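Computed from heavy atoms alone, side chains included, the values below leave out hydrogens, waters and symmetry copies. All chains are named by letter (A, B, ...) in the order of the sequence lines, taking the proteins before the strands, and each is independently numbered beginning at 1. Computed from a predicted structure; not experimentally measured.
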Amino acid sequence: MSKPTPISGFPEWTPAQRMIEQFVLDRIRNTFELYGFAPLETRSVEPLDQLLRKGDTAKEVYVLRRLQADTDGPAGDDSLGLHFDLTVPFARYVLENAGKLQFPFRRYQIQKVWRGERPQEGRYREFLQADIDIVDRDTLPAHYEAEMPLVIGDALRSLPIPAVRIQVNNRKICEGFYRGIGLTDPEAALRAVDKLDKIGPTRVAELLAETAGASEAQAKACLALAEISAPDASFADAVRALGVSDPLLDEGIEELVRVVETAAAHSPGLCVADLRIARGLDYYTGTVYETQMVGYERFGSICSGGRYDNLASSGTVSFPGVGISIGVTRLLGLLFGADELSISRSVPTCVLVAVGSEDERPASNRVAEALRSRGVPTEVSPSAAKFGKQIRYAERRGIPYVWFPGAEGAPDEVKDIRSGEQVAAAAGEWTPARDDLKPLVS
RNA sequence: GUGGCUGUAGCUCAGUUGGCAGAGCACCGGGUUGUGGUCCCGGUUGUCGUGGGUUCAAUUCCCAUCAGUCACCCCA
């Protein structure tokens, strides 16, 4: 039997890393619930035609197939694929359950998703997303577009990670502007402009000419728009100064002003209007978000989303929504790689109860039981080795306390192995320092 | 999916113009008749990513494959 090897793009963390991940998920979930989002989990698979309904994500989708499936039999319409985000399944769920839901409906969803892309650092084929969305029936008030960044700002600020900056744009601004200057292929123009950071204005101008059929003057105007960035409503003046007029453009400006001003009022410095942000997914129709960590811009976006008006609709009813999603696995992978996240111990254990001899193990077990009953994570030493070795067992794992049951009626003692301080203690009363009860993530 | 770079001990890396596989750290044992961390002494790390090929002989050369990473594509 040969040694098992990793599978490309399917990361597996160490227990210490998993504890960090669970810590992060707890904090995110807590923030989502603080804002009143209800929990939801959807199945891992969707009918293939649902998944492929939007965009050319086809090549990324993993298809589900039974090993013994009859390859000649009917497969077509009912074949299943693993979902590649949480928005499309959510839209499907809303349509399917509209009758049982109250609108506006706010939900969060933290689940694995799968994409068949070539992996590299911070990019995986199986990864966790933490997603919030709000959908309403027929119309969705614009103020929800301003609420999204506030939730995310609180969630990410509750984590021991670098500060974040949410970059916001509005598709209506781009599309209205492009229409206003006479460009016919706004999608192509968006894709070109999105590369501004990576390839610079000269190449973007060339790309605009090649792929979007832009004239020199049109390309110049697109670049001028894309270069606008401001932490407040002043971006609107800069856009108007470009002298393009279009009703959709005005609508977009109005909506983006509202997002930026709301963010500035509640959370100064969190959001910036950045008119180069485009987002790949084509179902976004209004506000779009991307999120960078300050000082770690090279990591790219760790959280993104936007408003979609047409994702969930059947017949005459439609459910416009807005959502945003934290790339938890990406975030962790990048920060692990940069050695920017650590935890104080590799196990949950707070106290190791020493065992004097195997005859005395029952006494140690009773101590552990008493501590656990009061919420102190406790394990009993694996063997009655020399105390030095038992202490080392704890030290290797970062367990802060070792408990020595008193022999022959003597009081028990507990030792903080970091300071070496050892004091008499009773298992029914002693409590560890607050910070020591659980592993500390930093 | 396309192309480039990389793969030797748990970790960081040497090395072999093809001839029995190394260092530091970590780990284990002892010095220390049971309270660790310092120090001293000793020990083990290993299908040299995997599978083929060439060769008397391959960790070394060749091919394939897997994994990691970078760029493209796309995106969390």
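For A:F10 and A:I326, each mapped to the nucleotide of RNA chain B holding its nearest heavy atom, the one lying further toward the 5' end belongs to A:F10. Heavy-atom nearest nucleotides on RNA chain B were determined for A:I199 and for A:V328, and the one closer to the 5' end corresponds to A:I199.
Seen from the ring of A:Y62, A:R125 does not count as a face-on cation partner, given the 6.0 Å and 45° thresholds. Cation-pi geometry between A:R418 and A:Y401 is satisfied (NZ or CZ under 6.0 Å from the ring centre, within 45° of the ring normal). A cation-pi contact, defined as under 6.0 Å to the ring centre and within 45° of the axis, links A:R397 to A:Y393.
For the pair A:R298 CZ and B:A71 C1', the computed distance is 17 Å after rounding to whole Å. Protein atom CZ of A:R191 is 11 Å distant from nucleotide atom P of B:C73, rounded to whole Å. Distance, A:R125 CZ to B:C66 C1': 12 Å, rounded to whole Å. Summarising the geometry, the separation between CZ on A:R330 and P on B:C75 is reported as 12 Å, rounded to the nearest angstrom. Atom CD of A:E126 and atom C1' of B:A76 are 14 Å apart (whole Å). When the C1' atom of B:C72 is taken as reference, atom CZ of A:R203 falls 12 Å away, rounded to whole Å. Residue A:E290 contributes atom CD, which lies 9 Å from atom C1' of B:C75 at whole-angstrom precision. Going from atom CG of A:D339 over to atom P of B:U12 covers 12 Å, rounded to whole Å.
Spacing of C1' atoms, B:U8 relative to B:U50, comes out at 14 Å, to the nearest Å. Look at the C1' atom in both B:C73 and B:A14: the space between them is 39 Å, to the nearest Å. Rounded to whole Å, the C1' atom of B:G49 lies 12 Å from the corresponding atom of B:U59. A gap of 15 Å separates the P atoms of B:A26 and B:U12, to the nearest Å. Straight-line distance between the P atoms of B:C61 and B:C5: roughly 14 Å, to the nearest whole Å.
Proximity of A:S8 to the phosphate of B:G68: a side-chain N or O atom is located under 4.0 Å from OP1 or OP2. Checking the phosphate oxygens (OP1, OP2) of B:A71, no side-chain nitrogen or oxygen of A:K198 falls inside 4.0 Å. For A:S304, a side-chain nitrogen or oxygen approaches OP1 or OP2 of B:A76 to under 4.0 Å.
Once rounded to the nearest 0.5 Å, the distance linking CZ of A:F23 with CD1 of A:I28 reads 10.5 Å. Here the straight-line distance linking atom CD1 of A:I132 with atom CZ of A:F37 works out to 4.0 Å at 0.5 Å rounding. A distance of 10.5 Å separates CD1 in A:I152 from SG in A:C271, rounded to the nearest 0.5 Å.
For a distance-only test at 3.5 Å, the side chain of A:R118 fails to qualify as a donor-acceptor partner of the base of B:C74. At a cut-off of 3.5 angstrom, the base of B:A76 holds no donor-acceptor pair with the side chain of A:R123.
Within 4.0 Å (heavy atoms only), A:G9 reaches sugar-phosphate atoms of the nucleic acid but no base atom. The residue A:K195 sits close only to the backbone: its heavy atoms come under 4.0 Å of sugar-phosphate atoms, none of a base. Contacts of A:Q120 with the nucleic acid, taken as non-hydrogen atoms under 4.0 Å apart, include base atoms.
The A:P6 side chain lies nearest to B:A67 when the options are B:A76, B:A67, B:C72.
A salt bridge links A:E21 with A:R18: the closest approach of a Lys/Arg side-chain nitrogen to an acidic carboxylate oxygen falls below 4.0 angstrom. Remark: A:E206 engages A:R203 in a salt bridge, criterion side-chain N to carboxylate O under 4.0 Å.
Secondary structure note: stems in RNA chain B built from 3 or more consecutive Watson-Crick or G-U wobble pairs under 3.5 Å occupy B:1-7 with B:66-72, B:10-13 with B:22-25, B:27-31 with B:39-43, B:49-53 with B:61-65.
Taking each heavy atom of A:P104 and A:Y144 in turn, the nearest pair found is CG-OH, 3.2 Å.
Residue A:E358 qualifies as enclosed at atom CD: its count of foreign heavy atoms under 6.0 Å is above 12. Around the CG atom of A:L64, the shell of radius 6.0 Å holds more than 12 heavy atoms that belong to other residues, nucleotides or ligands.
Evaluation of A:Y124 against the base of B:A76 yields no stacking contact (centre distance < 5.5 Å, interplanar angle < 30° required).
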Inset, instruction - Classify every nucleotide of nucleotides 28-39 of chain B by which part a protein heavy atom approaches to under 4.0 Å, writing B for the base, S for the sugar-phosphate alone and - for neither, in 5'-to-3' order. - result: SS---SBBBB--
